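Keep in mind that what you see is a predicted model, and the values were worked out from it rather than measured.
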Amino acid sequence: MSEPPSSQDFIKRSVWLGVFVGWLAQLGLKTIFPILVLVGVRFFSLETENKSLWLEEPSDSSHPVWYMLQASIFVASVLAGWLAALLSPRRSLIVPMALVVLSLVATGFEQFPRPMSTTVMLIWAVGPCVGLVLGWLLVRLVARGDAS
């Protein structure tokens, strides 16, 4: 007969599950949400016949739609952090730290926004990381409120 898994093994597996699912969720949602925003803006610009709303180059940080794209990526990251927190142990800080590192690594492979400034760089690189941590913290705060 096999022995039941120890609680330490369970914690290790759930940490890896939280990191893996959170990272994959962020990558997928960071792709889907901006596409939905671009399609919505395109339909809106065709309806209003306002061609200036349409963003020809998604990396053009001088266009207001770029900020909408970054907001959608932030929301996607909050959802990914929320999902990772649901699947990980309550007290583990490894999950949000690993997700932030993986997010920064993935950001290095994305198309850099142009023109680049300090503000644009912070919004582009740090926004998804803050979203992951915020999503993780929201689950922890709700869990703490339920325990009281």
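No more than 12 heavy atoms of other residues, nucleotides or ligands shown are found within 6.0 angstrom of CZ on Phe44.
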| request: Output, in order, the C-alpha distance, side-chain angles, deciding distance and verdict of side-chain contact (heavy atoms from CB on, under 4.5 Å) for Phe33 and Val37. | output: CA-CA 6 Å; Phe33 279 28; Val37 167; 5.6 Å; no
| task | Start with the C-alpha distance between Ser103 and Thr107, add both sets of side-chain angles, then the distance that settles side-chain contact (heavy atoms from CB on, under 4.5 Å), and finish with yes or no. | result | CA-CA 6 Å; Ser103 178; Thr107 300; 4.2 Å; yes
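Using a 4.5 Å cut-off on side-chain heavy atoms (C-beta onward), Pro113 and Trp66 make contact. Taking the side chain as every heavy atom from C-beta outward, Leu36 and Ile32 approach each other to under 4.5 Å. Put simply, the side chain of Val101 does not reach to within 4.5 Å of the side chain of Cys129, judged on heavy atoms.
Listed by chain and number, the residues in a side-chain contact (heavy atoms from CB on, under 4.5 Å) with Thr31 are Ile35 (sequence neighbours excluded). Shown here are the side-chain contact (heavy atoms from CB on, under 4.5 Å) partners of Leu17, two or more places apart in sequence or in another chain: Val21, Leu87. Scanning for side chain to side chain donor-acceptor pair (under 3.5 Å) contacts around Trp124 gives Glu110, with sequence neighbours left out. Residues meeting the salt bridge (charged side-chain N to carboxylate O under 4.0 Å, His left out) test with Arg114, sequence neighbours left out: Glu57. Legend: residues meeting side-chain contact (heavy atoms from CB on, under 4.5 Å) with Arg140, ordered by chain and number and at least two apart, are Ala85, Ser88, Arg90, Trp136.
From Arg42, atom CZ reaches atom CD of Glu47 across 11.5 Å, with rounding to the nearest 0.5 Å. In this structure, OG on Ser61 lies 13.0 Å from CZ on Phe112, to the nearest 0.5 angstrom. Rounding to the nearest 0.5 angstrom, the gap separating the CG atom in Leu141 from the CG atom in Leu137 is 6.0 Å.
Residues Val19 and Leu86 fall into different hydrophobic clusters, defined by Ile, Leu, Val, Met, Phe, Trp and Tyr side chains chained together at heavy-atom separations under 4.5 Å. Note: the hydrophobic cluster containing Ile94 also contains Leu132 (ILVMFWY, side chain heavy atoms under 4.5 Å, direct or indirect links). One hydrophobic cluster, built from ILVMFWY side chains closer than 4.5 Å, holds both Leu122 and Val130.
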Please list, one pair per line, the donor and acceptor atoms closer than 3.5 Å that link side chains of residues 71-84 to other protein atoms, with sequence neighbours excluded.
residue, atom, partner, partner atom, Å
Ser72, OG, Leu69, O, 2.6
Ser77, OG, Gln26, NE2, 3.0
Ser77, OG, Ile73, O, 3.0

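The shortest non-hydrogen separation linking Val95 to Val15 is CG2-O, 3.9 Å. Across all non-hydrogen atoms, the minimal contact from Leu104 to Ala125 is CD2-O, 3.8 Å.
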